Amino acid sequence: MSGRLLRLVCTVAVAAGALLVPPPAAAAPGPKPGGRTVAGRLTDLQRLYREAEKATETYNATAERLTKQRAEVARLDRELAGARRSLDDSRVAAGRLARQQYQGTTELSAYVRLLLARNPQQALDEGHVIGQLARERAETVGRLTDSEKKADALARAARKALDGQLSLAERQKKDRDDVQARVQDVEQLLVSLTPEQLAALAELEKDGTDKAQRRLMASGVLSGRRKPSRKGNRAIRYAVRQIGKPYKWGAEGPKSYDCSGLTSQAWGRAGTPIPRTSQEQWAQLPHIPLKKLRPGDLVIYFPEATHVAMYLGKGLMIQAPRTGENVEVAPVASYPILGAVRPDQRPRRL
């Protein structure tokens with residue numbers, strides 16, 4: 001992970017262009033009395049990264065719900081259109097029945113003919129006609145009533161679904177603005193630092209990751225050698241082909257990804273669709289202990305499950321890390337581990 005912060009600040013500098021304001025001439029590389037230490041600055045930066053990623057996953061969750069809501073609105077609109085066509089047909093049939101009654105060609109005239117009939121067989125035939133016409137009348141009225149009720153219910157459901165869609169669309173805009181604000185906070189902090197301060201931050205971050213990785217590997221929790229499942233191997237191959245592509249919040253490929261966009265696409269291409277966000281992946285997929293971790297499994301990070309990566313084996317994972325960086329292979333202990341999930345884990349038999 002050495003040099004990641006330097007790469008990121010270069011990206012920010014290019015994007016910011018003329019908006020960058022150079023630091024005062026008296027600014028020193030190290031902390032001034034009463035200023036932030038290198039460790040303090042790194043803590044600030046990591047907090048901003050987490051806030052940006054949390055906002056990204058919130059945006060992703062809203063976008064996912066909005067996609068489903070749009071599909072539901074479209075489905076209800078199709079059903080409503082069909083119900084209205086059926087209602088029109090029922091009204092036509094009811095109109096025809098009314099005209100027949102007015103013209104005396106329905107069961108009334110048949111009943112009169114029955115009373116006047118001299119032939120018993122003819123009377124039975126006329127009785128059959130009366131019964132048939134009565135049933136047809138009842139069915140016509142019933143279809144009209146049912147069609148009206150169904151169309152009315154579907155119209156209410158479609159209106160409610162559309163209101164839900166509009167509400168989610170508005171929320172998505174707010175979530176998007178929140179992500180942009182969080183990313184801007186990161187950029188502002190980075191461009192306020194000197195190259196020496198950035199180098200110190202990068203070195204301190206690397207030291208922290210190296211120590212965490214050594215502790216994890218020394219614990220023996222990842223000592224087992226396990227092979228990926230068939231689908232897990234497919235997911236890994238897909239993820240590896242994305243190495244070097246840029247991180248972009250809300251992206252699901254193929255040109256860029258965010259963390260859960262990469263993992264969800266990889267497993268989807270492997271034939272096992274999984275939830276879109278890291279939080280839903282943690283909430284819905286089967287949990288496994290780290291000692292059983294195998295390549296292809298997903299590692300979830302931070303207490304709020306706001307980051308996810310795919311385990312490659314030998315203590316390494318592949319991830320879409322954060323704004324300004326690219327899909328990469330990194331130590332599995334790069335962030336505080338919450339746990340692990342296995343997308344293709346078979347459910348237990350009861």
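Because the structure is predicted, anything quoted here is derived from the model rather than measured. Just so it is clear, the values below take in all heavy atoms, side chains as well, and ignore hydrogens, waters and symmetry mates.
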Using a strict threshold of under 4.0 Å (side-chain N to carboxylate O), is an ion pair present between Arg75 and Glu72? yes
Answer with yes or no whether the hydrophobic clustering places Leu298 together with Val332; edges join I, L, V, M, F, W, Y residues whose side-chain heavy atoms lie under 4.5 Å apart. no
Out of Gln319, Glu53, Met317, which one pairs with Tyr301 under the side-chain contact (heavy atoms from CB on, under 4.5 Å) rule? Met317
Ala309 versus Thr263, closest heavy-atom pair with distance: C-CG2, 4.2 Å
Atom CD1 of Ile274 and atom CZ of Arg342: how far apart are they, to the nearest 0.5 Å? 13.5 Å
Would you compute the distance between atom CD of Glu203 and atom CG of Asp210 and round it to the nearest 0.5 angstrom? 8.5 Å
Flag side-chain contact, heavy atom, 4.5 Å: Leu216 against Ile337: yes
Check the pair Asp175, Thr62 against side chain to side chain donor-acceptor pair (under 3.5 Å), reporting the backbone distance first and the verdict last. CA-CA 8 Å; Asp175 291 343; Thr62 302; 2.6 Å; yes
Would you call Lys174 and Asp178 a salt bridge, taking side-chain N to carboxylate O under 4.0 Å as the test? no
If every non-hydrogen atom of Pro246 is compared with every non-hydrogen atom of Lys255, which pair is closest and at what distance? CD-O, 3.3 Å
Taking atom NZ as the centre, does Lys245 end up with more than 12 heavy-atom neighbours from other residues, nucleotides or ligands that are less than 6.0 angstrom away? yes
Search all heavy atoms of Tyr257 against all heavy atoms of Ala320 and return the closest pair with its distance. O-CB, 4.0 Å
Rounding to 0.5 Å, atoms OG (Ser278) and CG (Asp258) come to a distance of 8.5 Å
For Pro295 and Pro228, which heavy atoms make the closest approach, and how far apart are they? O-CB, 3.3 Å
Output yes when a side-chain donor or acceptor of Ser167 lies under 3.5 Å from a complementary backbone atom of Asp163, and no otherwise. no
Partner residues of Ala158 under the side chain to side chain contact (heavy atoms under 4.5 Å, CB included) criterion, sequence neighbours left out: Leu76, Asp77, Leu80
Give the minimum heavy-atom separation between Gly164 and Gln69, together with the two atoms involved. C-CG, 4.1 Å
Within a strict 4.5 Å, meaning less than it, do heavy atoms of the Leu262 and Gln242 side chains meet? yes
Checking Glu57 against Asn60 for the side chain to side chain donor-acceptor pair (under 3.5 Å) test, could you report, in this order, the C-alpha distance in whole Å, the side-chain angles of both residues, the deciding distance, and whether it holds? CA-CA 5 Å; Glu57 292 301 279; Asn60 289 340; 3.0 Å; yes
So with a 6.0 Å cut-off around CZ of Arg65, is the heavy-atom count from everything else above 12? yes
Shared ILVMFWY cluster between Leu293 and Ile318, side chains joined below 4.5 angstrom? no
Kindly work out whether a path of hydrophobic side-chain contacts (I/L/V/M/F/W/Y, heavy atoms less than 4.5 Å apart) joins Met217 to Leu316. no
Test: Arg176 cationic atom under 6.0 Å from Tyr59 six-membered ring centre, within 45° of axis: no
CA sep, side-chain torsions, deciding dist, call: Tyr311, Arg294, side chain to side chain contact (heavy atoms under 4.5 Å, CB included): CA-CA 7 Å; Tyr311 188 59; Arg294 72 185 184 194; 5.8 Å; no
Show, in sequence, the C-alpha distance, side-chain angles and deciding distance for Ile243 and Asn326, and conclude whether the side chain to side chain contact (heavy atoms under 4.5 Å, CB included) test is met. CA-CA 7 Å; Ile243 290 176; Asn326 301 325; over 6 Å; no
Heavy atoms, side chains only, cut-off 4.5 Å: are Arg50 and His307 in contact? no
Answer yes when Arg276 and Glu280 have at least one side-chain N-carboxylate O distance shorter than 4.0 Å, and no when they do not. no
If you measure from CG on Asp297 to CZ on Arg226, what distance do you get to the nearest 0.5 Å? 9.5 Å
Under-4.0 Å salt bridge between Asp177 and Lys173: no
Do Gln279 and Thr277 make a side-chain contact, defined as non-hydrogen atoms from C-beta onward lying under 4.5 Å apart? yes
Can you confirm whether or not the ring centre of Phe302 sits under 6.0 Å from the ring centre of Tyr335? yes
Just how far is it from atom CZ of Arg182 to atom CD of Gln184, taken to the nearest 0.5 Å? 12.0 Å
Basic-acidic side-chain contact under 4.0 Å: Glu205, Lys211: no
Quick check: does any side chain N or O of Ser223 sit under 3.5 Å from a backbone N or O of Gly220, one acting as donor and the other as acceptor? yes
With no hydrogens and no angle check, do the side chains of Gln281 and Ser260 hold a donor and an acceptor under 3.5 Å apart? no
How far apart are the C-alpha atoms of Thr306 and Glu304, what are their side-chain angles, what is the distance that settles it, and do they pass the side chain to side chain contact (heavy atoms under 4.5 Å, CB included) test? CA-CA 5 Å; Thr306 51; Glu304 296 170 321; 3.8 Å; yes
CD-CG distance between Gln197 and Leu189, expressed to the nearest 0.5 angstrom: 9.5 Å
Could you report the tightest heavy-atom contact between Trp282 and His287, atom names first, then the distance? O-NE2, 2.6 Å
Side-chain heavy atoms nearer than 4.5 Å, only ILVMFWY residues, links allowed to pass through others: does that put Tyr49 and Val327 together? no
